Amino acid sequence: QVQLVESGGGLVQPGGSLRLSCAASGFTVDYYTIGWFRQTPGKEREGVSCISSRLGITYYADSVKGRFTISRDYAKNTVYLQMNSLKPEDTAVYYCATTSNVLSRSTWYRKTQYDYWGQGTQVTVSS
């Protein structure tokens with residue numbers, strides 16, 4: 001049974017950092033594509049970052065490029081999203097998702113490409 005559990009969210013001041021975790025069970029993260037998405041009330045869920053299966057190619061939304069880093073730990077079967085230089089506009093519920101598909105630069109951010117989702121973790125950036 002595929003399951004994803006996010007953790008690591010919280011309240012942080014602008015300019016601060018957080019590391020989100022996406023713990024996977026029922027599959028192995030190195031053979032699946034894992035994406036991070038975020039959503040605020042009244043808005044569409046948007047792709048933040050993705051790490052592809054096998055080769056581990058990474059993709060980022062322009063809004064987070066240079067500030068966020070996605071990585072995976074095979075031993076812990078977990079994918080991380082390191083978020084630095086956080087801004088108030090990064091405030092959202094963050095979700096991780098997975099698919100067995102190999103996604104490309106033009107498809108990784110489409111939420112319809114993913115089959116399984118976690119429950120989300122709240123990130124609030126505020127002074």
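If you're wondering where the values come from, they're calculated on a predicted model, not measured in any experiment.
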**Item:** Whether over 12 other heavy atoms sit under 6.0 Å from Lys43 NZ
**Value:** no
**side-chain contact (heavy atoms from CB on, under 4.5 Å) evaluation trace for Leu11 with Ser126** = CA-CA 7 Å; Leu11 173 65; Ser126 175; 4.2 Å; yes
**Message:** Check this for me: does any side-chain nitrogen of one of Asp90 and Lys87 sit under 4.0 Å from a carboxylate oxygen of the other?
**Reply:** no
**Complete:** Heavy-atom closest pair (Ala61 atom, Gly47 atom, distance to 0.1 Å) is CB-O, 3.5 Å
**Message:** Whether the side chain of Glu6 engages the backbone of Gly120 through a donor-acceptor N/O pair (distance < 3.5 Å, no angle test) should be reported.
**Reply:** yes
**Prompt:** Same hydrophobic cluster for Leu81 and Tyr95, using side-chain heavy-atom links shorter than 4.5 Å among ILVMFWY?
**Reply:** no
**Expected output: side-chain Asn101 to main-chain Tyr114 donor-acceptor under 3.5 Å** = no
**Item:** Non-hydrogen atoms of Val123 and Gly9 that approach each other most closely
**Value:** CG2-CA, 4.1 Å
**Shared hydrophobic cluster for Ile34 and Tyr31 (ILVMFWY, side-chain gaps under 4.5 Å)** = yes
**Message:** To the nearest 0.5 Å, what is the distance between CH2 on Trp108 and CZ on Phe37?
**Reply:** 7.0 Å
**Request:** Look only at the side chain of Ser127 and the backbone of Gln13, and say whether a donor-acceptor pair between them is shorter than 3.5 Å.
**Result:** no
**Prompt:** Does the ring centre of Tyr116 sit less than 6.0 Å away from the ring centre of Phe27?
**Reply:** no
**Message:** Please say yes or no: joined through hydrophobic side-chain contacts below 4.5 Å, possibly via intermediate residues, are Ile57 and Tyr60 part of one cluster?
**Reply:** no
**Request:** Answer yes or no: is there a donor N or O on one side and an acceptor on the other, between the side chain of Ser49 and the main chain of Tyr59, under 3.5 Å?
**Result:** yes
**Prompt:** Any link between Leu4 and Tyr94 through a network of hydrophobic side chains (Ile, Leu, Val, Met, Phe, Trp, Tyr) touching at under 4.5 Å?
**Reply:** yes
**Asked** Tyr80 and Tyr32: same hydrophobic cluster, using ILVMFWY side-chain contacts below 4.5 Å?
**Response** no
**Prompt:** Side chains of Leu103 and Tyr109: closer than 4.5 Å at any heavy-atom pair?
**Reply:** no
**Prompt:** Do the side chain of Thr98 and the main chain of Thr33 share a donor and acceptor less than 3.5 angstrom apart?
**Reply:** yes
**Thr91 side, atom OG1; Leu86 side, atom CG - distance, nearest 0.5 Å** = 8.5 Å
**Request:** Ignoring hydrogens and angles, tell me if any N or O in the side chain of Ser85 forms a donor-acceptor pair with the backbone of Arg67 under 3.5 Å.
**Result:** no
**Message:** My understanding is that only residues two or more places apart in sequence, or in another chain, count here; which of them pass salt bridge (Lys or Arg N to Asp or Glu O under 4.0 Å) with Glu89?
**Reply:** none
**Message:** Working note: Ser25 + Asn77, criterion side-chain contact (heavy atoms from CB on, under 4.5 Å); need CA distance, chi angles, decisive distance, verdict.
**Reply:** CA-CA 7 Å; Ser25 58; Asn77 212 35; 5.7 Å; no
**Side-chain touch Ser53/Ser100, heavy atoms, less than 4.5 angstrom** = no
**Request:** Hey, could you give me the CZ/CG distance between Phe68 and Leu18, rounded to the nearest 0.5 Å?
**Result:** 9.0 Å
**Fill in**
Between the OG1 atom in Thr121 and the CD atom in Gln119, the distance rounded to the nearest 0.5 Å is 7.0 Å
**Request:** Mind checking the SG-CD1 spacing from Cys96 to Ile70? Nearest 0.5 Å is all I need.
**Result:** 9.0 Å
**Prompt:** How many angstroms lie between CZ in Arg72 and OG1 in Thr78, if you round to the nearest 0.5 Å?
**Reply:** 12.5 Å
**Asked** Should Trp36 and Met83 be marked as a side-chain contact (heavy atoms from CB on, under 4.5 Å) after you check the CA-CA gap, both sets of side-chain angles, and the distance that decides it?
**Response** CA-CA 12 Å; Trp36 282 99; Met83 306 187 296; over 6 Å; no
**Message:** Using only atom types and a distance under 3.5 Å, with no angle test, would you say the side chain of Thr99 pairs donor to acceptor with the backbone of Gln113?
**Reply:** yes
